[in-house]
*Asks:* 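Below: one structure in structure tokens.
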Amino acid sequence: MGLLGASFEDKVRKAVDAVRGLGLGVADLGARVDGKVVTLEGTAHSLEAKTRAMEEFNARVETGNTVNRIRVVLPAAAPPQAPAPAEAPAERWHVVVAGDTLGGLAERYYGKAGAYMRIFEANTDQLKDPNLIKVGQKLRIPS
């Protein structure tokens, strides 16, 4: 303590303690003193919290200059969530009509005729040859 009361460093320390107690959203608030220049440090969750902390500090102690080095760190965005599992598509069926071929059905359902083996393999219970399908057969069309 100086001859005229509390030292400048003590006034700064008390002011920092008071600002911490306000719950402004500034973590690890501290101050470095160099003569009559005070540098405030810490981490704020918003620019408003940073500004308010400095205003509250300056209202409590008179400095030659107050440097605001409080960093603003925005809350991390929530990690992207995996999309909800899609419901299993309803099983599709196709009733064979005159002129149908597995290649034609694959073109219709998958956009490429070469995918005809997907349909054949899903229907081996009733098909023995991918080139032999009959009118009226009900074929499973896998997704």
*Asks:* Check for me, please, whether L47 and L22 land in the same ILVMFWY cluster - side-chain distances under 4.5 Å, paths through other members count.
*Replies:*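 L47 does not cluster with L22.
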
*Asks:* Which heavy-atom pair separates V61 from A15 by the least distance, and what is that distance?
*Replies:*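 Result for this residue pair: CG1-CB, 4.0 Å.
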
*Asks:* With a 4.5 Å limit on heavy-atom distance, are the side chains of I141 and I119 in contact?
*Replies:*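 The answer is yes, as the side chains (C-beta and beyond) meet within the 4.5 Å cut-off.
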
*Asks:* Taking the side chain as everything from C-beta on, heavy atoms only, tell me whether H94 gets closer than 4.5 Å to Y109.
*Replies:*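 Yes; the side chains approach each other to less than 4.5 Å.
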
*Asks:* First locate atom CG of N58, then atom CG of L40, and finally report the distance between them rounded to the nearest 0.5 Å.
*Replies:*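 It is 7.5 Å, given to the nearest 0.5 Å.
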
*Asks:* Could you list all the salt bridge (charged side-chain N to carboxylate O under 4.0 Å, His left out) pairs where at least one residue sits in residues 39-62, not counting sequence neighbours?
*Replies:*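 Listed once each, the pairs are R32-E41, R52-E56, E56-R60.
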
*Asks:* Quick one: do M117 and L127 end up in the same hydrophobic cluster if we chain Ile, Leu, Val, Met, Phe, Trp and Tyr together by side-chain heavy atoms under 4.5 Å apart?
*Replies:*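 Yes, because M117 and L127 connect within a single hydrophobic cluster, where side-chain heavy atoms sit under 4.5 Å apart.
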
*Asks:* Between P142 and Y110, is there a side-chain heavy-atom distance shorter than 4.5 Å?
*Replies:*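 Yes, side chains in contact.
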
*Asks:* Taking Q126 for the side chain and N123 for the main chain, is one N or O donor matched with an acceptor at less than 3.5 Å?
*Replies:*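 No, Q126 side chain to N123 backbone: no donor-acceptor pair under 3.5 Å.
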
*Asks:* Apply side-chain contact (heavy atoms from CB on, under 4.5 Å) to residues V37 and V67 and explain how you reach the verdict.
*Replies:* CA-CA 7 Å; V37 175; V67 178; 4.1 Å; yes

*Asks:* If you define the side chain from C-beta out and look only at heavy atoms, does anything of Q137 sit under 4.5 Å from D100?
*Replies:*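 Sidechains of D100 and Q137: no contact.
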
*Asks:* Using 4.0 Å as the upper bound for N to carboxylate O, is an ion pair formed by R13 and D10?
*Replies:*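 R13 and D10: salt-bridged.
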
*Asks:* Just how far is it from atom NZ of K36 to atom OG1 of T66, taken to the nearest 0.5 Å?
*Replies:*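 Result: 11.5 Å between the selected atoms.
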
*Asks:* Nearest 0.5 Å please: distance from the CG atom of L102 over to the CZ atom of R118.
*Replies:*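 If I round to the nearest 0.5 Å, the distance is 13.0 Å.
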
*Asks:* Hey, does the side chain of R140 reach the backbone of A122 with a donor-acceptor pair shorter than 3.5 angstrom?
*Replies:*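 Indeed, once roles are kept as given, a pair shorter than 3.5 Å links the two residues.
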
*Asks:* So Y116 and L105, do their side chains get closer than 4.5 Å, heavy atoms only?
*Replies:*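 The answer is no; the side chains never approach within 4.5 Å.
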
*Asks:* Ignoring hydrogens, what is the shortest heavy-atom contact between A113 and A106? Give both atom names and the distance.
*Replies:*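 Closest heavy-atom pair between A113 and A106: O-CB, 3.6 Å.
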
*Asks:* Between F57 and L29, is any pair of side-chain heavy atoms under 4.5 Å apart?
*Replies:*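 No, too far: nothing below the 4.5 Å cut-off.
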
*Asks:* Mark yes when over 12 heavy atoms from residues, nucleotides or ligands other than D34 sit less than 6.0 Å from its CG; otherwise mark no.
*Replies:*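 Open.
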
*Asks:* Quick one, M54 and I70 - any side-chain contact, counting heavy atoms below 4.5 Å?
*Replies:*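 Side-chain contact under 4.5 Å: no.
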
*Asks:* Nearest 0.5 Å, what's the OG1-CG distance between T51 and L24?
*Replies:*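 The distance works out to 11.0 Å.
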
*Asks:* Under 3.5 Å, side chain of K128 to main-chain N/O of T124, donor-acceptor pair present?
*Replies:*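 It does hold such a pair.
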
*Asks:* Give me the atom names and distance for the closest heavy-atom approach of A31 to V12.
*Replies:*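 Closest approach of A31 to V12, heavy atoms only: CB-CG1, 3.7 Å.
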
